[in-house]
Student: 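Structure below; questions to follow.
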Amino acid sequence: SIGANLISSFDGVDFRAYCNSLEEIPNFESVVEALGPALNDKGKMAIYSYLKEIAYADDELADEEKDLLVHIRNAWKLEV
């Protein structure tokens with residue numbers, strides 16, 4: 001799991017329980033901002049690469065997907 005690879009204290013069971021208890025899905029931009037300080041550059045790049053693979057999974061990059069990838073690159077100051 002990507003969570004365990006990035007954060008040593010990551011608990012998949014707790015994470016799943018947390019996700020299942022949410023009344024609404026958090027805003028992407030606020031999640032990016034919250035995760036930034038918790039990750040090193042390697043972790044940030046791993047998440048970006050993972051999201052990029054998902055975005056291109058259908059061999060197309062929708063404008064909305066592109067906007068999200070640009071946001072994460074800018075917020076985390078990633079050199080891609």
Side-chain angles (χ1 to χ4, degrees):
S1 124
I2 192 168
N5 289 333
L6 298 175
I7 302 171
S8 61
S9 62
F10 181 82
D11 183 316
V13 174
D14 283 347
F15 180 72
R16 175 73 59 193
Y18 173 76
C19 290
N20 288 337
S21 71
L22 293 174
E23 292 186 20
E24 62 182 61
I25 296 174
N27 174 286
F28 179 82
E29 289 82 2
S30 64
V31 172
V32 169
E33 300 305 319
L35 281 177
L39 299 169
N40 61 25
D41 289 342
K42 184 178 177 182
K44 290 174 185 175
M45 195 57 158
I47 289 177
Y48 174 81
S49 297
Y50 183 70
L51 293 174
K52 186 176 176 184
E53 285 183 39
I54 293 170
Y56 279 100
D58 60 359
D59 295 323
E60 294 182 22
L61 182 64
D63 290 339
E64 296 85 357
E65 293 168 325
K66 181 181 177 184
D67 292 344
L68 294 175
L69 291 173
V70 167
H71 175 79
I72 200 169
R73 275 197 324 258
N74 291 337
W76 289 347
K77 298 175 178 45
L78 297 176
E79 298 291 326
V80 192

Student: By the side-chain hydrogen bond (donor to acceptor under 3.5 Å, both in side chains) test, which pairs, at least two apart or in different chains, include something from residues 68-80?
Tutor: Tyr48-Arg73

Student: Answer yes if Ile54 and Leu69 sit in the same cluster of Ile, Leu, Val, Met, Phe, Trp and Tyr residues linked by side chain heavy atoms under 4.5 Å apart, and no otherwise.
Tutor: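 Result: yes, single cluster for both.
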
Student: State, with a plain yes or no, whether a side-chain heavy atom of Val80 is found less than 4.5 Å away from one of Met45.
Tutor: yes

Student: Does a side-chain heavy-atom distance below 4.5 Å link Leu68 with Leu51?
Tutor: no

Student: Would you indicate whether Asn40, at its atom CG, is surrounded by more than 12 heavy atoms from other residues, nucleotides or ligands within a distance under 6.0 Å?
Tutor: yes

Student: Show me the donor-acceptor pairs, under 3.5 Å and distance only, between side chains in residues 23-38 and residues at least two apart or in other chains.
Tutor:
residue: Asn27; atom: OD1; partner: Glu29; partner atom: N; Å: 2.8
residue: Asn27; atom: OD1; partner: Ser30; partner atom: N; Å: 3.1
residue: Asn27; atom: ND2; partner: Glu29; partner atom: OE1; Å: 3.4
residue: Ser30; atom: OG; partner: Asn27; partner atom: O; Å: 2.8

Student: Does Tyr50 share a hydrophobic cluster with Phe10, counting links as ILVMFWY side-chain heavy atoms below 4.5 Å and allowing steps through other members?
Tutor: yes

Student: In the hydrophobic cluster built from side-chain contacts under 4.5 Å, what are the other members alongside Tyr18?
Tutor: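 Members besides Tyr18, by chain and number: Leu22.
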
